[in-house]
Each structure stands twice: as structure tokens, then as C-alpha cells.
2 protein chains.
Amino acid sequence: MPRPFAEPLRRRALIDAAIAAIGERGSLDVTMSEIAGRAGVSSALAHHYFGAKEELLLATMRHLLTELGTDVRAALSEAETPRARISAVVAVNFSVTQFRPEIVAAWLAFYVEAQKSARLRRLLRVYARRLHSNLLSGFVALLPRPQAEKGAEAIAALIDGLYIRRALKDGLPNSASAVALVEQVVEATLAHSKPSA
Amino acid sequence: MPRPFAEPLRRRALIDAAIAAIGERGSLDVTMSEIAGRAGVSSALAHHYFGAKEELLLATMRHLLTELGTDVRAALSEAETPRARISAVVAVNFSVTQFRPEIVAAWLAFYVEAQKSARLRRLLRVYARRLHSNLLSGFVALLPRPQAEKGAEAIAALIDGLYIRRALKDGLPNSASAVALVEQVVEATLAHSKPSA
DNA sequence: GTTTATTGACTGATCAGTCAATTAAAATCA
DNA sequence: TGATTTTAATTGACTGATCAGTCAATAAAC
């Protein structure tokens, strides 16, 4: 066919299709044809725009990371106190836009794939560091350094753990109860470690 | 060749080889030939004993689950107090036999695969329930019911989250620091929620 | 002589990635 | 403006590789 649509539109459609396909299958071994089909184009076109499959997957991961980053930045800008910063980060991670089954499944799948792909691993590290540093920016004003570090680590790990459980769909973690659980641990951690000097 | 080795030996060798292969690749898409090769047999033999690949994977998962279960039971039997029960569960999950890179990678890979395979999902649920109930058996004597439930959920999710982070190899969680982190959260949770009546 | 272990050699399916051909929009020119 | 050339979008039809799973053949143990 002719030249009806342009590159950015197609790229975006393919990334959206990739998220949907990965979310439905629950893993990264979806075929290029499946993704392309969902986006309403041929697999040849997907290769035309992204080259190898890994590039498309990488672009998809970057997209997810960018959206999460945008949401977090917006939420943090509204937070007035250190304590509110912590809650903002938690809230965003379990917000309706982020804590959806497809998104969660995609994250989990990317974690596994990162074992194989150094580039993917690097992206995931960016995410981990950002999460840690955002949490730390709240904790550090409320606790002495070493406790603040530990607190941020614990909350970050807890968030990841709840994501896994969501992927398993074993019931428990809907958004609200996940947030409540994390907040409870935040409270306990803050109360237990002595407030900073 | 003749009849030099018998079924149970081969099955076990194949399961061990599967764990090693999955651990090295970091995902479940290892080929039957790769696994069989590692076990020193032909892929045809692997099919002879396990039928489909999924059966071998399932058997591998069951093996991991069984070993973990055995370790946990042993540790719990030595725990004298409720508080010690909690620590015992935590300690086993991060023990040298469980918290090895191959094992961690295998768990993560199985989580992803569970999205596709209902039978695998069922096994993982067994694990999740067992972990929760073991933790709860400690918490329930120290906190009122609802808080005990929440505490057990939080610690279980935290453990899973630390496993993910280990898989990412981003540094932090070696056994010792992982245990310390979890114990800190346990302490904070126990101190913060009022002791039971 | 029956049973069991074991394999090499297949087969069929699936997929990532390529490529030459087609079509139409855009740019250039008359 | 209308003609023509260039450029980009798009695909169907391939190819080559990889793999799960099968099977008939062999040989040792019982």
C-alpha cells in the first residue's frame, strides 16, 4: 500500500501492540507477526522500522520506563513534605495506569529477559536506581543516613515483590491493598528507627 | 548402548541439568538437547522419560519446591519461639542452598512461565501459600490476627522482591544483607503493631 | 526371549529476518 | 499547472535456522 501513515505513528502503534501482546501471553515470546498483526501491519513493516525484534522490545521497555518516570515526576512535584514524597512514589507505582495486568506482566517478562540482554539489564538498572533514589529523597529527611538507605531498599524490594504477586494473580494485591500494605511498612519503619538528629 | 543406568538416576540427572541450564541462560527457553547434553544423554532419552518438555520443567519446579519445603521444615522444627519461627523461615529462604543464582533465576523464570501454564501456576500458588502460612504461624502468636496477616503478607512479598533484585545482580542483596533487611522490617512491624492481648 | 535403555536420524512446525516489487505521496522541473 | 522523478511506506513471498517430538533400530540385562 501507499504512504498513508508516517513513521512515528507506526512505531507507537507497534509498541502499544507489543505491550498488549506481551501482557496477554504473559511473556516476551510473542512473534513479530503477532505484534504486527495487532498493530494492523505486516511483520515486514515492523522489521522495517525496528530492525531486529530486540530493538522493538527495547523500545517497548523504554516506553514503559518513560511513562513511569513522567508519572513519578508529576506526583513528586506535588508532594510538600518528605513523608509525602514517599507516599507519592508508592501511589504512582500502584496507580491505575501502572498497576495494570499487562504492564505488570511486561515488567516481569523484561526482568527475565534482562538475564540474556545486557542492554535490557542496563535499562532495568536505571529503573531500580531511580526508584531507590526517589524513595531515599523522602527517607533521608526523616531518618539518619544508614537507616534511610535501608528503609528505601526495603520499600523498593517490597514494591517489586507485590508486582510479582500481582502477576501471579493469587488474589491479594489490588491497588488499594498493596498501597495500604506498603504504607504500613513505611510507618513501622519510620516509627521504629529513631527520627534523625 | 546397553542398560547401564536406571530411570530414577536419569530423571534426577536431567532435573539437575535443567536447573543448571535454566540458571545459566536465565530463562526457561533452554532446549531439550541442551539439557540432555548436560546430563550426558541424548535428547531422545529425555523425551523418553519425561514425554513433553513441559513435564520436565514441571518436575524441575516440583524438585525445587520439595527441597525448599524440606529445608523449611527442618528449620522450623528447631525454632523454639514464635519469633524464632519467623527468623527460621527468612533464614532458609536466603540460605546458601536456596539463594544461589541458578536457583533464583529458575524461580523467576518459572514465575513468568506460570502465566502460560496453569499447572505451573498451581505449583507456585502452593509455594506462596506455604510461605504465607509458615510466616503467619510465627506472627499470629505475637500480634492480633489482622496485623499478623498483614505482617506475613509484607514479609512474603519482601522476600520475593529481594529474589528479583538478586536476579538482576545489581549488587546489593547477598544472603547476609538480605536477611538483615528482612529482619529489620520484621522488628519494625512487631514493634509498631501493638502486641496481642 | 522379553523387557528396558539408549540413540541417530528424521519430520513438521514455527519464526526472525530479507528482498524485490508495488504504490502513492512529495519534490522538482517544464 | 501538469509532467516526471525521487522518496517513503508497505507487503507477499521467500529462506535458513532452530527445535520439540517421533521412531525404528540396537544392545544389554533379566
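Only a predicted model underlies this, so the values are computations on that prediction, with no experimental measurement involved. The sequence lines fix the lettering, A, B, ..., with proteins before strands; numbering per chain opens at 1.
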Rounded to the nearest 0.5 Å, the CG atom of Leu56(B) sits from the CD atom of Glu54(B) at a distance of 11.0 Å
Are Phe99(A) and Tyr163(A) close enough that their ring centers fall under 6.0 Å?
-> yes
So among Asp16(A), Leu14(A), Leu9(A), which one has a side-chain contact (heavy atoms from CB on, under 4.5 Å) with Arg12(A)?
-> Asp16(A)
Polar atom pairs between nucleotides 15-17 of chain C and protein, under 3.5 Å, N or O only, would you list them?
residue	atom	partner	partner atom	Å
dA16(C)	OP1	Lys53(A)	NZ	3.0
dA16(C)	OP2	Met32(A)	N	3.0
dG17(C)	OP2	Lys53(A)	N	2.7

Check: Phe94(B) main-chain N/O paired with Ser175(B) side-chain donor or acceptor under 3.5 Å = yes
Interatomic distance where CZ belongs to Arg11(B) and P belongs to dT4(C) [whole Å] = 15 Å
Ignoring backbone atoms, establish whether Tyr49(B) has a side-chain N or O less than 4.0 Å from OP1 or OP2 of dT6(C).
-> yes
Output yes when a side-chain donor or acceptor of Gln115(A) lies under 3.5 Å from a complementary backbone atom of Ala167(B), and no otherwise.
-> yes
Rounded to the nearest 0.5 Å, what separation is found between the NE2 atom of His192(B) and the CG atom of Leu190(A)?
-> 8.5 Å
So does Arg10(B) get a side-chain nitrogen or oxygen closer than 4.0 Å to the phosphate oxygens (OP1/OP2) of dT6(C)?
-> yes
Find the distance Phe50(A):CZ to dT10(D):P and express it as a whole number of Å.
-> 13 Å
Nearest-Å distance for atom pair CG/P, residues Leu14(A) and dA9(D) = 13 Å
Calculate the interatomic distance between His48(B) atom NE2 and dT6(C) atom C1'; express it in whole Å.
-> 8 Å
